[in-house]
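To find a chain, count down the sequence lines: A is the first, B the second, and so on, and within it residues start at 1. Every heavy atom of this structure was used, including side-chain atoms; hydrogens, water molecules and symmetry mates were not. Predicted model, so just to flag it, every value in this text is computed and none were measured.
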2 protein chains.
Amino acid sequence: MHTLSEENYLKCIYCLWQDKGQKITPTAIAESLGNNPASVVDMIRKLTDKQLINYDKKKGVELTAQGQKDATLIVRRHRLWEVFLLEKLDYDWDEIHDIAEELEHIKDASLADRLDKFLGFPEYDPHGDPIPKANGKMAKRYSTTLADLKTGGYCRVAAVKDTTSSFLQYLQKLDISIGTKIQLIEKIPFDNSLVISIGGNGRTTVSQKFGESVLIDI
Amino acid sequence: MHTLSEENYLKCIYCLWQDKGQKITPTAIAESLGNNPASVVDMIRKLTDKQLINYDKKKGVELTAQGQKDATLIVRRHRLWEVFLLEKLDYDWDEIHDIAEELEHIKDASLADRLDKFLGFPEYDPHGDPIPKANGKMAKRYSTTLADLKTGGYCRVAAVKDTTSSFLQYLQKLDISIGTKIQLIEKIPFDNSLVISIGGNGRTTVSQKFGESVLIDI
DNA sequence: AAATAAAATTAGTCTTGACTAATTTTATTT
DNA sequence: AAATAAAATTAGTCAAGACTAATTTTATTT
Ligand SMILES: [Mn+2]
Ligand SMILES: [Mn+2]
Ligand SMILES: [Mn+2]
Ligand SMILES: [Mn+2]
């Protein structure tokens, strides 16, 4: 089995890979985990020895088949626990991520499957991220962001790219959650700010950064 | 906040204190945790520095008010998670302890209280141990064992003193669970074996060690 | 009271997973 | 192509929490 740290690295590598499909460098991992690149290099060696990743200066870090499988299970547990915390324990949207960050490491062969069943086999977590099934497959991941929407276009908020509580609290304040309908009224050329109409109500202006953090379904 | 190890030591000291009321020595702690006494001495220093325990060669280890409070919360979380695993996730009696051993360390200020509410404020865990309330109070702990019962006497199984799966599986095999009625038919003087009638059925013989591991309500 | 056994403690080692500082390698500019 | 900047790596350090082996203290026998 893997240590807590190894698991966090595995999940991080998996998420970077899903997010961007770009080359995964030690610096990228370090930044994402808030660690020093030197520490990342150490862990790259450990995970390589355990045959969970391959590292090539050209291609960057890549998960092996086993590494992918293990990382997927950690993500599955994380997202299932998030559903549990929100639906069963009435936590708020912005509180669940950090707790799931710990719960995802609980080791028991049947825990994820039992939790999955108990929750009614949810397809998506509360942030709109697909929950890997026991067999590793999962529903569609959304990749278009609000910033990609054409002026005048309508969309449905499908997921959020950022799970920090500052972002999620801002969304709550704007009355935006998964499923909310949004229309892009205008894009300000100066700084790419977006003027939007939330759920058919009046206009609100949001930043480019904001737009790029909201994943949509057109 | 405390580290995982510190929490395990705190809980261990708390449980030893509850169990026997005897002097808690480094050796006793070492034995209970499966650690080396030298390691225990190290941790005693750490917990003393953190003002969670006091150590006196004469009186042994004692929890301070703060240590007691913190230990109680860990025990509360442990027992609540056990109820959750058994009742909601359909785990077996003998599987829950080890998983709760990990879950008890999840740190979130409101998690125990939310879980408590979700479970309907249970008074006892699946092994019959009382669950500390948010305020630290808890229901009665049973202390009489089956081995203390008078010949001919009847009792109700209230709790188990041992949570190893070998013991719990044996109980299941004998069809004994919390609430089962037992009559002590005979005590064998040679080795204190107990001849009992389980739930009004035929006789079964069990060892002294067995009898001392079953807590009863007369 | 000595001798012996058991318990507690100290000293030193190891592993994990972080860090900093220094160096080397690779990329980007000029 | 040389200079510069950025990224990666190496070397060495540290704290936590375990261990073993040696020693000291306390209890128990004889
Ligand atoms: Mn985590
Ligand atoms: Mn999520
Ligand atoms: Mn534990
Ligand atoms: Mn229990």
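- Contacts of A:Lys137 classified as side-chain contact (heavy atoms from CB on, under 4.5 Å), with partners at least two apart in sequence or in another chain: A:Asn135.
- Every residue meeting the side-chain contact (heavy atoms from CB on, under 4.5 Å) condition with A:Arg45, not counting sequence neighbours, appears here in chain and number order: A:Val41, A:Asp42, A:Asp49.
- Annotation: salt bridge (charged side-chain N to carboxylate O under 4.0 Å, His left out) contacts involving residues 50-69 of chain B, sequence neighbours excluded, comprise B:Glu6-B:Lys50.
- Looking at residues two or more places apart in sequence or on another chain, you find no salt bridge (Lys or Arg N to Asp or Glu O under 4.0 Å) involving A:Asp108.
- Residues meeting the side-chain hydrogen bond (donor to acceptor under 3.5 Å, both in side chains) test with A:Glu186, sequence neighbours left out: none.
- Ion pairing between A:Lys11 and A:Glu104 holds under the 4.0 Å rule for side-chain N and carboxylate O.
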Tabulate protein N/O versus nucleotide N/O from nucleotides 10-16 of chain D, keeping only pairs under 3.5 Å, one per line.
residue : atom : partner : partner atom : Å
D:dT10  : OP2  : A:Arg45 : NH2          : 3.1

Salt bridge (charged side-chain N to carboxylate O under 4.0 Å, His left out) between B:Asp113 and B:Arg76, worked out: CA-CA 10 Å; B:Asp113 295 347; B:Arg76 171 167 160 80; 2.6 Å; yes

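- Within residues 50-57 of chain A, no residue has a heavy atom under 4.0 Å from DNA chain C.
- Here the C1' atom of nucleotide D:dG17 and the NE2 atom of B:His2 are 17 Å apart, to the nearest Å.
- Across the protein-nucleic acid pair, A:Glu7 atom CD and C:dT16 atom P stand 16 Å apart, rounded to whole Å.
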Given Watson-Crick and G-U pairs under 3.5 Å, DNA chain D in dot-bracket ([ ] crossing, | other strand) is ||||||||||||||||||||||||||||||

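- Among residues two or more places apart in sequence or in another chain, the side-chain hydrogen bond (donor to acceptor under 3.5 Å, both in side chains) test is passed with B:Asp94 by B:Gln169.
- Protein atom CD1 of A:Ile29 is 14 Å distant from nucleotide atom P of D:dA7, rounded to whole Å.
- Partners of B:Lys117 according to the salt bridge (Lys or Arg N to Asp or Glu O under 4.0 Å) rule, which considers only residues two or more places apart in sequence or in another chain, do not exist here.
- Distances shown here put every side-chain N or O of A:Ser39 at or beyond 4.0 Å from the OP1 or OP2 atom of C:dG17.
- Taking atom NZ of A:Lys23 as the reference point, atom P of D:dA7 lies 11 Å away to the nearest angstrom.
- Between B:Ile44 and A:Tyr9, the residue whose closest nucleotide on DNA chain C is further toward the 5' end is B:Ile44.
- Legend: residues meeting side-chain contact (heavy atoms from CB on, under 4.5 Å) with A:Ala139, ordered by chain and number and at least two apart, are A:Glu123, A:Tyr124, A:Pro130.
- The nearest whole Å value for the distance from the CG atom in A:Leu47 to the P atom in C:dT16 is 12 Å.
- For B:Asn54, the side-chain contact (heavy atoms from CB on, under 4.5 Å) test picks out B:Thr64, with sequence neighbours left out.
- Rounded to whole Å, the distance from CG on A:Leu33 to P on C:dC19 is 10 Å.
- Between the CD atom of A:Glu6 and the P atom of C:dA18 there is a distance of 10 Å, rounded to whole Å.
- The separation between B:Lys58 atom NZ and D:dT26 atom C1' is 11 Å, rounded to whole Å.
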